[in-house]
Amino acid sequence: MVTNSCCNPADKPLEDRAFRVIDQAIAETGVEAEVRAVSATDAIAGAMPSDIVTEIQNRIAQGTLEPPVVLVDGRIVTGNGVDHKDVVAGLAATTNVAN
């Protein structure tokens, strides 16, 4: 998950909710997943591949995405409040790829 509370502390409650949604989706799908938070600052500084950072920045600039942003296997699955269905679908897609 790419977080923004490093730059906007008011986003912390959104991030806490996102972690709960992610944990619930993992429990429901049974997918083994590593959950980690990367601050927007660290992502821009190289903690994430530049093409993913650019996509996130472009979508934020277009108004189609807001942090926190959840990624599964390097794909953006949700932002804008973190939709439970989108996280489940993103996790489920990883099992389809593995099969």
Side-chain angles (χ1 to χ4, degrees):
M1 178 171 66
V2 179
T3 64
N4 192 46
S5 60
C6 57
C7 301
N8 184 3
D11 281 354
K12 180 76 168 98
L14 294 172
E15 293 166 9
D16 292 343
R17 180 187 171 283
F19 277 117
R20 288 190 302 273
V21 168
I22 293 165
D23 289 342
Q24 182 181 9
I26 290 169
E28 288 176 16
T29 61
V31 172
E32 290 186 34
E34 175 188 341
V35 180
R36 68 181 180 115
V38 176
S39 72
T41 302
D42 288 345
I44 291 168
M48 294 182 67
S50 62
D51 59 324
I52 295 171
V53 173
T54 299
E55 181 180 357
I56 291 170
Q57 289 173 320
N58 288 341
R59 290 178 59 182
I60 288 172
Q62 294 166 358
T64 61
L65 187 66
E66 294 178 18
V69 177
V70 177
L71 298 99
V72 175
D73 285 343
R75 293 180 337 272
I76 298 169
V77 295
T78 191
N80 306 345
V82 182
D83 185 270
H84 177 264
K85 293 181 290 184
D86 291 338
V87 177
V88 169
L91 290 168
T94 64
T95 59
N96 292 335
V97 171
N99 291 333

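Taking 4.0 Å as the cut-off between side-chain N and carboxylate O, Arg20 and Asp16 do not count as a salt-bridged pair.
No single ILVMFWY cluster, assembled from side-chain heavy atoms under 4.5 Å apart, contains both Val69 and Val21. In this structure, Ile76 is not a member of the same hydrophobic cluster as Val70, with clusters built from ILVMFWY side-chain heavy atoms closer than 4.5 Å. A single hydrophobic cluster is not seen to contain both Leu65 and Leu14; linkage of ILVMFWY side chains at heavy-atom distances under 4.5 Å, directly or through other members, places them apart. Follow the hydrophobic side-chain contacts under 4.5 Å out from Phe19 and you never reach Val2; the two are in separate clusters. In this structure, Val38 is a member of the same hydrophobic cluster as Ile52, with clusters built from ILVMFWY side-chain heavy atoms closer than 4.5 Å.
Across all non-hydrogen atoms, the minimal contact from Ala43 to Val53 is O-CG2, 3.4 Å. Contact between Ala40 and Cys6 at its shortest, heavy atoms only, is N-SG, 3.9 Å. When all heavy atoms of Gly90 and Val77 are compared, the pair lying nearest together is CA-CG1, 3.7 Å. Ala47 and Arg36 make their closest contact through O-NH2, 4.3 Å (heavy atoms, listed as atom of the first residue, atom of the second, distance). Between Pro13 and Ala10, the shortest heavy-atom distance links the atoms CD-O, 3.2 Å.
Under the 3.5 Å distance criterion, the side-chain polar atoms of Asn80 are matched with a main-chain donor or acceptor of Glu66. Thr64 contributes a side-chain N or O that, together with a main-chain N or O of Arg59, makes up a donor-acceptor pair within less than 3.5 Å. One N or O on the side chain of Glu15 and one on the backbone of Ser5 form a donor-acceptor pair closer than 3.5 Å.
Between Asp11 and Thr3, the closest side-chain pair of non-hydrogen atoms is not below 4.5 Å. The closest side-chain heavy-atom distance from Gln57 to Ile44 is below 4.5 Å. Side-chain atoms of Ile60 and Pro67, non-hydrogen and from C-beta on, do get closer than 4.5 Å to each other. Within the 4.5 Å cutoff, side-chain heavy atoms of Met48 are placed close to those of Leu71.
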- Task: List the steps and the verdict of side-chain contact (heavy atoms from CB on, under 4.5 Å) for Val87 and Gln24.
- Result: CA-CA 9 Å; Val87 177; Gln24 182 181 9; over 6 Å; no
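His84 contributes atom NE2, which lies 10.5 Å from atom CD1 of Ile22 (distance to the nearest 0.5 angstrom). A distance of 6.0 Å separates CG in Asp73 from OG1 in Thr94, rounded to the nearest 0.5 Å.
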